[in-house]
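None of the values given here were measured: they were computed from a predicted structure.
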Amino acid sequence: MKATGIVRRIDELGRVVIPKEIRNTLRLKSGEPLEIFSDRDELILKKYSPIATLDKFSESTAKSLNDLSGHLAVICDTDEVLYASGDGRKVIDKKNLSEHMDRILQERKSYIANLSEGGDIVPITSREDLPITAQIIVPIVSGGDCLGAVALLSSEDGAKMDSENVKLAQLTADILAGQFE
């Protein structure tokens with residue numbers, strides 16, 4: 001844990017202001033839930049990720065999705081890739097999402113692109129060196145909130161994501177969203 005040198009007082013309603021610089025660095029948005037931990041004289045605020053609470057379930061879901069589709073399967077929350085399974089997983093696993101992914105999640109609409117058909121491939125992470133040629137990104141939406149996304153990615157030349165892969169990704173996103181209803 002790093003000290004910032006910033007000191008804040010608690011107001012009469014028990015509120016503490018998190019400085020803008022720290023909110024920007026941690027990509028905290030207004031209204032975003034924080035989880036509170038305490039230990040003796042320490043208070044820790046952590047970004048809350050409902051998908052991350054499904055630890056083993058999400059991990060096995062990514063593996064199953066990879067097995068069924070034959071493509072790199074990704075499950076992410078709204079900040080980072082939580083689990084990836086398949087060829088290229090080490091390049092994107094546990095990395096922060098790109099601004100393009102942020103926009104897709106905010107719009108809550110599925111995104112499909114095939115490079116062979118002239119589609120625009122969206123980088124999943126902010127620092128990605130993965131040569132993606134086809135992709136499906138399906139937001140995980142529960143109770144009107146976007147919790148993350150399921151993605152299928154291919155780096156094969158001339159690859160196309162067909163309707164079966166779209167259905168598979170959508171079903172996976174629906175199953176994950178159903179865990180929170």
Side-chain angles (χ1 to χ4, degrees), residues 26-37 45-114 119-128 130 132-155 159-181:
L26 297 176
R27 298 172 57 169
L28 291 172
K29 300 168 191 97
S30 178
E32 189 162 8
L34 296 175
E35 198 167 6
I36 302 169
F37 298 90
L45 300 175
K46 183 178 177 188
K47 288 170 78 169
Y48 178 68
S49 171
I51 297 294
T53 62
L54 298 176
D55 194 29
K56 291 294 180 192
F57 184 72
S58 295
E59 184 177 14
S60 62
T61 300
K63 287 178 183 173
S64 296
L65 188 56
N66 170 251
D67 290 344
L68 290 169
S69 69
H71 299 295
L72 174 59
V74 175
I75 296 178
C76 62
D77 63 11
T78 56
D79 293 309
E80 69 178 357
V81 172
L82 298 173
Y83 302 100
S85 182
D87 291 338
R89 75 178 181 275
K90 292 180 181 177
V91 176
I92 63 172
D93 203 23
K94 307 298 181 202
K95 301 280 188 323
N96 288 333
L97 297 183
S98 69
E99 290 180 18
H100 298 286
M101 277 294 289
D102 284 343
R103 276 188 244 120
I104 289 171
L105 296 179
Q106 287 171 2
E107 292 172 5
R108 294 177 172 82
K109 293 182 183 175
S110 296
Y111 185 85
I112 303 166
N114 296 306
D120 288 330
I121 300 297
V122 170
I124 302 297
T125 63
S126 52
R127 294 186 188 140
E128 187 172 307
L130 196 61
I132 299 169
T133 57
Q135 67 186 171
I136 300 169
I137 302 166
V138 180
I140 302 167
V141 179
S142 178
D145 294 327
C146 184
L147 307 176
V150 171
L152 287 175
L153 312 172
S154 178
S155 56
K160 287 186 181 178
M161 291 295 175
D162 59 18
S163 62
E164 294 303 313
N165 288 323
V166 173
K167 290 177 186 175
L168 193 56
Q170 183 63 57
L171 176 63
T172 303
D174 290 345
I175 289 170
L176 287 167
Q179 300 299 309
F180 300 99
E181 293 178 357

Main-chain N/O of [Y] paired with [X] side-chain donor or acceptor, under 3.5 Å:
{"X": "Thr125", "Y": "Lys95", "result": "no"}
{"X": "Thr133", "Y": "Ser154", "result": "yes"}
{"X": "Lys94", "Y": "Leu82", "result": "yes"}
{"X": "Asn66", "Y": "His71", "result": "yes"}
{"X": "Asp120", "Y": "Ala113", "result": "no"}
{"X": "Gln135", "Y": "Ile121", "result": "no"}

If you take all heavy atoms of [X] and [Y], which pair is closest and at what distance?
{"X": "Ala159", "Y": "Asn114", "value": "O-OD1, 3.9 Å"}
{"X": "Arg108", "Y": "Asp145", "value": "NH2-CA, 3.9 Å"}
{"X": "Leu168", "Y": "Ser69", "value": "CD2-CB, 3.9 Å"}
{"X": "Ala149", "Y": "Met101", "value": "CB-CE, 4.3 Å"}
{"X": "Leu152", "Y": "Asn165", "value": "CD1-O, 3.6 Å"}
{"X": "Ile75", "Y": "Ala62", "value": "CD1-N, 3.7 Å"}

I'd like to check [X] versus [Y] (side-chain heavy atoms, cut-off strictly below 4.5 Å). Are they in contact?
{"X": "Ile175", "Y": "Thr61", "answer": "no"}
{"X": "Leu130", "Y": "Leu72", "answer": "yes"}
{"X": "Asp79", "Y": "Leu97", "answer": "no"}
{"X": "Leu176", "Y": "Leu147", "answer": "no"}

(message) Just by distance, no angles: are the side chains of Asp102 and Gln106 close enough, under 3.5 Å, to form a donor-acceptor pair?
(response)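 There is no such pair (donor and acceptor under 3.5 Å, judged by atom type) between the side chains of Asp102 and Gln106.
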(message) More than 12 heavy atoms of other residues, nucleotides or ligands under 6.0 Å from NZ of Lys46: yes or no?
(response)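 No, the 6.0 Å shell around NZ holds no more than 12 heavy atoms from other groups.
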(request) Walk me through it: do Lys167 and Gln170 pass the test side-chain contact (heavy atoms from CB on, under 4.5 Å)? (result) CA-CA 5 Å; Lys167 290 177 186 175; Gln170 183 63 57; 5.7 Å; no
